[in-house]
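These notes are about the structure you will find just below.
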Amino acid sequence: MYKAEDNRYNGEMPYRRCGRSGILLPLISLGLWHNFGGVDPFQESVKKIHYAFDHGITHFDLANNYGPPYGSAEETFGMIMKDSLKPYRDELFISTKAGHDMWDGPYGEWGSRKYLMASLDQSLKRMNLDYVDIFYSHRYDPETPLEETLQALSDIVRCGKALYVGISKYPPEAARFAYQYLKENKTPCLLYQGKYNIFDREPDKDGILDDSQKNGSGFIAFSPLAQGLLSDRYLNGIPSDSRVGKGGYLKKESLTPEILNKIRKLNELAKQRGQSLAQMSLSWLLQDPRVTSVIVGASSVEQLQNNIDSVNNLAFSAEELEAIDNISLS
């Protein structure tokens with residue numbers, strides 16, 4: 001029987017308040033987008049999730065179509081919840097999402113009320129849960145009236161299937177509308193989830209970070225390591241077992257000579273800080289108080305441990321920040 005270690009809350013993992021709410025999130029959250037699907041070894045998933053929880057990661061981020069195959073990451077999490085984590089449910093903050101394609105036909109993606117409601121019901125069954133802590137609209141739907149999507153989110157909270165709601169990857173204008181609509185419906189947006197890393201500064205440039213803070217929402221970053229580019233995985237070429245090597249979401253074309261040169265320069269800067277490149281990349285995000293948490297993946301316990309250790313050095317000098325900008329933005 002799984003038993004959490006006594007030192008789970010001994011201060012190793014700092015927590016940060018999520019916007020204007022009562023929620024505190026760990027600086028590092030665990031995402032189950034990759035490495036937790038039906039094609040992955042179940043016992044490895046168990047080890048990583050147990051290790052995360054034992055080291056203060058209370059937030060687990062999922063979506064209906066995480067896998068592969070679709071739904072299988074939620075099924076993996078649901079089996080672990082049933083077998084070992086159920087006694088700790090009130091210590092966990094669990095999210096899921098709907099918005100991308102999930103099943104065939106006109107009601108299996110985007111932002112209709114029918115899709116969001118049906119998808120969440122399916123997710124709860126897969127995860128062996130009565131409710132999720134936060135449910136996201138996973139992407140903005142330009143065809144469905146935004147009021148329909150947002151009213152569905154509000155009603156999901158009112159019927160007790162989620163405690164909070166959030167939005168992901170919404171353009172700035174739609175996000176501002178969502179903040180106001182949800183606030184007026186007394187189900188304020190708890191979190192904006194967006195892609196943000198040293199290479200991709202869009203949330204800062206387009207005002208998403210400032211808008212989330214202004215409207216009392218937290219901001220949580222996904223792809224903080226640019227799908228592994230901001231790590232030591234590609235310093236000496238493309239490993240066969242990497243996402244690029246496997247021909248997955250990250251394509252070979254992403255690793256241009258220019259990008260590789262930037263990665264190597266950033267890696268040297270990280271060494272000077274006594275960090276790995278991945279640790280520095282996470283620390284760079286978290287040194288901004290507008291960022292509530294970052295979502296990391298994990299192909300192994302060792303990788304997860306390395307990422308968690310990034311919270312031990314969040315201070316940057318002005319010279320270091322300038323050097324990172326000069327390298328990454330040139």
Side-chain angles (χ1 to χ4, degrees), residues 13-29 31 57-63 90-99 111 116 120 131-141 145-197 201-224 284-295 311 314:
M13 175 60 67
Y15 293 73
R16 190 170 285 178
R17 187 161 300 280
C18 190
R20 289 195 294 269
S21 79
I23 293 300
L24 297 171
L25 291 183
L27 295 192
I28 305 293
S29 299
I57 294 180
T58 53
H59 178 29
F60 296 89
D61 181 77
L62 298 102
D90 294 338
E91 300 177 48
L92 300 173
F93 196 87
I94 302 165
S95 69
T96 196
K97 320 176 193 71
L116 297 180
L120 179 55
Y131 68 94
V132 290
D133 296 281
I134 180 168
F135 181 66
Y136 289 92
S137 169
H138 204 172
R139 62 171 169 171
Y140 171 66
D141 181 349
L146 191 47
E147 294 89 342
E148 177 178 339
T149 299
L150 298 173
Q151 189 60 51
L153 293 181
S154 291
D155 291 345
I156 280 168
V157 171
R158 289 194 171 90
C159 69
K161 294 179 180 180
L163 301 185
Y164 301 90
V165 291
I167 55 177
S168 178
K169 300 178 293 190
Y170 271 45
E173 186 176 348
R176 287 191 288 268
F177 182 90
Y179 293 139
Q180 187 62 31
Y181 188 97
L182 292 170
K183 179 181 178 182
E184 290 174 356
N185 272 264
K186 303 194 185 308
T187 52
C189 179
L190 182 75
L191 276 168
Y192 183 105
Q193 186 172 136
K195 183 180 181 181
Y196 190 32
N197 56 61
R201 311 285 187 93
E202 204 63 31
D204 196 19
K205 291 189 292 185
D206 65 12
I208 286 291
L209 278 167
D210 286 338
D211 283 345
S212 63
Q213 185 179 53
K214 177 182 176 182
N215 286 279
S217 294
F219 178 92
I220 187 165
F222 74 85
S223 195
W284 179 84
L285 287 167
L286 291 168
Q287 56 85 29
D288 188 336
R290 297 174 298 176
V291 176
T292 310
S293 180
V294 297
I295 299 170
V311 304
L314 301 183

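This is a predicted model, so every value here is computed, not measured.
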What closest approach, in Å, do [X] and [Y] show between heavy atoms, and which atom pair accounts for it?
X	Y	answer
Gln287	Pro289	O-CD, 3.4 Å
Phe219	Ile208	CE1-CG2, 3.9 Å
Thr292	Leu27	O-CD2, 3.8 Å
Ala98	Leu116	O-CD2, 3.7 Å
Val294	Leu285	CG1-CD1, 3.7 Å
Gly166	Cys189	CA-SG, 4.0 Å

**Evaluation steps, side chain to side chain contact (heavy atoms under 4.5 Å, CB included), between Lys169 and His138** = CA-CA 7 Å; Lys169 300 178 293 190; His138 204 172; 3.9 Å; yes

**Partners meeting salt bridge (Lys or Arg N to Asp or Glu O under 4.0 Å) with Asp141 (sequence neighbours left out)** =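 With neighbours one apart ignored, the set is empty.
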
**Request:** Check salt bridge (Lys or Arg N to Asp or Glu O under 4.0 Å) between Lys186 and all other residues, then give those that pass, not counting sequence neighbours.
**Result:**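 Salt bridge (Lys or Arg N to Asp or Glu O under 4.0 Å) list for Lys186, sorted by chain: empty.
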
**Request:** With the side chain counted from C-beta on, respond yes when Asn215 and Lys183 share a heavy-atom pair under 4.5 Å apart, and no when they do not.
**Result:**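 Contact flag for Asn215/Lys183 side chains = no.
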
**Prompt:** Just wondering, do Ile167 and Tyr140 contact through their side chains at under 4.5 Å, heavy atoms?
**Reply:**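 Contact flag for Tyr140/Ile167 side chains = no.
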
**Message:** Please determine whether the number of non-hydrogen atoms from other residues, nucleotides or ligands lying under 6.0 Å from atom CD of Glu173 exceeds 12.
**Reply:**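 No, because the 6.0 Å sphere around CD of Glu173 holds 12 heavy atoms or fewer from other groups.
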
Is there a donor-acceptor contact under 3.5 Å from the side chain of [X] to the main chain of [Y]?
X	Y	value
Ser168	Ser137	no
Asp61	Ser95	no
Lys195	Ala221	no

**Request:** For residues 209-222, pull every pair meeting salt bridge (Lys or Arg N to Asp or Glu O under 4.0 Å), keeping only residues two or more places apart or in separate chains.
**Result:**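 Qualifying pairs: Arg176-Asp211, Asp210-Arg290.
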
**Message:** Between Ile23 and Asp133, is the side chain to side chain contact (heavy atoms under 4.5 Å, CB included) condition met? List the steps.
**Reply:** CA-CA 10 Å; Ile23 293 300; Asp133 296 281; over 6 Å; no

**Asked** How would you list, by chain and number, every residue that makes a side chain to side chain contact (heavy atoms under 4.5 Å, CB included) with Asn185, sequence neighbours excluded?
**Response**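 Result, side chain to side chain contact (heavy atoms under 4.5 Å, CB included) vs Asn185: Gln151, Ser154, Arg158, Tyr181, Thr187.
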
**Message:** The criterion is side chain to side chain contact (heavy atoms under 4.5 Å, CB included); which residues satisfy it with Ala162, sequence neighbours excluded?
**Reply:**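 Checked Ala162 against side chain to side chain contact (heavy atoms under 4.5 Å, CB included); matches are Val132, Phe135, Ile156.
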
**Prompt:** How many angstroms lie between atom CH2 of Trp284 and atom OH of Tyr196, to the nearest 0.5 angstrom?
**Reply:**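 Spacing of CH2 (Trp284) from OH (Tyr196) equals 4.0 Å.
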
**Prompt:** What distance do Ile220 atom CD1 and His59 atom NE2 have between them, rounded to the nearest 0.5 Å?
**Reply:**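 Going from the CD1 atom of Ile220 to the NE2 atom of His59 covers 4.0 Å.
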
**Asked** Among all residues two or more places apart in sequence or in another chain, which pass the ring pair (Phe, Tyr, Trp, His ring centres under 6.0 Å) test with Tyr164?
**Response**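 Residues passing ring pair (Phe, Tyr, Trp, His ring centres under 6.0 Å) with Tyr164: none at all.
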
**Request:** With Leu25 as reference, evaluate Thr58, Leu190, Leu191, Ile134 under the side chain to side chain contact (heavy atoms under 4.5 Å, CB included) test and give the passing residue.
**Result:**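 Option passing the side chain to side chain contact (heavy atoms under 4.5 Å, CB included) with Leu25: Leu191.
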
**Prompt:** When you look at Ser29 and Ser293, which way does the side chain to side chain donor-acceptor pair (under 3.5 Å) test go after all the steps?
**Reply:** CA-CA 7 Å; Ser29 299; Ser293 180; 2.7 Å; yes

**Item:** Test log, rule side chain to side chain contact (heavy atoms under 4.5 Å, CB included), inputs Val165 and Leu150
**Value:** CA-CA 9 Å; Val165 291; Leu150 298 173; over 6 Å; no

**Message:** Can you classify the ring geometry of Tyr192 versus Tyr179 as parallel (below 30°), tilted (30 to 60°) or perpendicular (above 60°)?
**Reply:**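 Aromatic pair Tyr192/Tyr179 classed tilted.
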
